[in-house]
2 protein chains.
Amino acid sequence: MENQNISDIIESYLKQILAESQQVEIRRAEIADQFNVVPSQINYVIKTRFTIQDGYVVQSKRGGGGYIRIEKVKLLDNLDFIDSLVSAVGDHITRHDGLAVVRSLFEAGAINRRETNIILAAIDKDAVSTGDRELDQRVRAQILISILNHLRYES
Amino acid sequence: MENQNISDIIESYLKQILAESQQVEIRRAEIADQFNVVPSQINYVIKTRFTIQDGYVVQSKRGGGGYIRIEKVKLLDNLDFIDSLVSAVGDHITRHDGLAVVRSLFEAGAINRRETNIILAAIDKDAVSTGDRELDQRVRAQILISILNHLRYES
DNA sequence: GTCGTCTTGACTAATGTTGACTAATATTAT
DNA sequence: ATAATATTAGTCAACATTAGTCAAGACGAC
């Protein structure tokens, strides 16, 4: 808490705006300047913290009047929600991205807090550890897809 | 008292903070420096003295602004039951026996119907498929133990 | 001396930061 | 219209900054 890195701070700033607004539109250089970082760091923040697994869609335009727009997507409105998560998972997925998928399920109301924690335990690093990094990610994806397919039936 | 080794001293230091706070967040290198030990000794202290059996959950992050956070959790009163299931699972388990473990949890009231089905999806044959039958069973065991450990405390 | 625990450090992994270069779009000059 | 220039954002690789793993050796209780 005391020693947050600058990426976390920028993330918080943007999410604070998104808490009250459906979307946020920035000029990259302006935000970079505001937080005293190089412009490409904004791309890093967006790439690591505003993915589709997190429930965000990002659009941008270059040139004069350029912008980056981050939009929070309403997952519940989407009847293909589970399908979209299945494709987001793919055939292998990192712990970080897996966490984002489970969080999306929770925020969409598809699972409750307890269920969230159980699933996170199931895809935890130690749980899917096989001795082969690549295989770990494949197993994690399989577990998530198995659960997603189950949830498709339930609801 | 006089004969404490450095690991014990570090343990006491952290537990003293935890006596007044729900959690403690440290920078590994900082604590290592403070007690004049190599950083990996902090991992040793945590691994041997802040386990889930002791009622602690540990989270960490690497990179700039990294940290190690130790959280004190409220253990539930089903610990002996969980322990017995953990040893029943062992280091590898078949789908059939895994099913029996999950059923025990359900019948004991530790998990509800929905949670049962999520866990079954997670340890399903397809979910833990690695191409190696023996490894499948090891992964299934790891997943179950990870979940069992999460059922030890309130989250 | 043996066994279990503790200590150490080399190596690994994850995450964050920076800047040079590239690409797209808009604006201005001809 | 077209070309040149300006103004944005994107990519990528090098480097920086943290924590994790593992195995060898030291230490201590018996």
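Source: prediction; values computed, not measured. Labels below follow one simple rule: chain letters A, B, ... track the order of the sequence lines, proteins then strands, and each chain is numbered from 1.
- Contact check, Ser60(A) against dG10(D): a side-chain N or O comes under 4.0 Å of OP1 or OP2.
- Regarding contacts with the backbone of dT27(C), every side-chain N or O of Arg62(A) stays at 4.0 angstrom or more from both OP1 and OP2.
- Defined by atom type and a distance below 3.5 Å, a donor-acceptor pair is present between the side-chain atoms of Thr130(A) and Asp136(A).
- Residue contacts for Arg49(B): at a heavy-atom cut-off of 4.0 Å it reaches the sugar-phosphate backbone alone, with no base atom in range.
- Per the geometry, CD belonging to Glu25(A) stands 10 Å off P belonging to dA9(D), to the nearest Å.
- Near DNA chain D, defined here as any heavy-atom distance below 4.0 Å, the residues from residues 39-47 of chain A are Ser40(A), Asn43(A), listed numerically.
- What separates CZ of Arg133(A) from C1' of dA13(C) is a distance of 7 Å, to the nearest Å.
- Rounding to the nearest 0.5 angstrom, the gap separating the CG atom in Asp91(B) from the CZ atom in Arg140(B) is 13.5 Å.
- As rounded to whole Å, 16 Å separates atom C1' of dA13(C) from atom CD of Glu134(A).
- Judged by distance alone, the side chains of Arg28(B) and Asn43(B) do bring a donor and an acceptor atom under 3.5 Å apart.
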Do Gln41(B) and Ser7(B) pass the side-chain hydrogen bond (donor to acceptor under 3.5 Å, both in side chains) test, and can you show the C-alpha distance, the side-chain angles, and the key distance before you say yes or no?
-> CA-CA 8 Å; Gln41(B) 178 134 16; Ser7(B) 289; 2.8 Å; yes
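- Phe50(B) has its CZ atom 16 Å from the P atom of dA19(D), to the nearest Å.
- A straight line from CD of Gln137(A) to P of dA13(C) spans 13 Å, rounded to a whole angstrom.
- Comparing Gly65(A) and Gln59(B) by the nucleotide of DNA chain D whose heavy atom lies nearest to each, the residue mapping closer to the 5' end is Gly65(A).
- The side chain of Ala29(A) lies closest to dA9(D), out of dT25(C), dG19(C), dA9(D).
- When each of Lys61(A) and Val38(A) is assigned the nucleotide of DNA chain C with its nearest heavy atom, Val38(A) is the one assigned upstream, toward the 5' end.
- As rounded to whole Å, 17 Å separates atom P of dT17(D) from atom CG of Asp8(A).
- Put simply, Thr48(A) has no side-chain N or O that comes within less than 4.0 Å of OP1 or OP2 on dT15(C).
- For the OP1/OP2 pair of dT21(D) and a distance below 4.0 Å, the side-chain nitrogens and oxygens of Arg28(B) include no atom meeting the criterion.
- Atom CD1 in Ile6(B) sits roughly 15 Å away from atom C1' in dT5(C) (whole-Å rounding).
- Proximity note for Asn5(A) (side chain, C-beta onward) versus dA19(D), dG16(C), dC6(C): the nearest is dG16(C).
- Of the inter-residue distances, the one linking His150(B) atom NE2 with Ile145(B) atom CD1 reads 13.0 Å to the nearest 0.5 angstrom.
- Contact between the side-chain N/O atoms of Ser7(B) and the OP1/OP2 oxygens of dT5(C) is not found at any separation under 4.0 Å.
- In this structure, Ile9(A) places its CD1 atom 9 Å from P of dT17(C), rounding to the nearest Å.
- Atom CD of Gln59(A) and atom CD1 of Ile70(A) lie 11.0 Å apart (nearest 0.5 Å).
- Here dG20(D) is the nucleotide among dT7(C), dG20(D), dG10(D) with the atom lying nearest to any side-chain atom of Ile68(B).
- Between the side chains of Ser129(A) and Asp126(A), no donor-acceptor pair is found at a separation under 3.5 Å.
- Counted by atom type alone, Arg152(B) and Asn149(B) present one or more donor-acceptor pairs between their side chains at under 3.5 Å.
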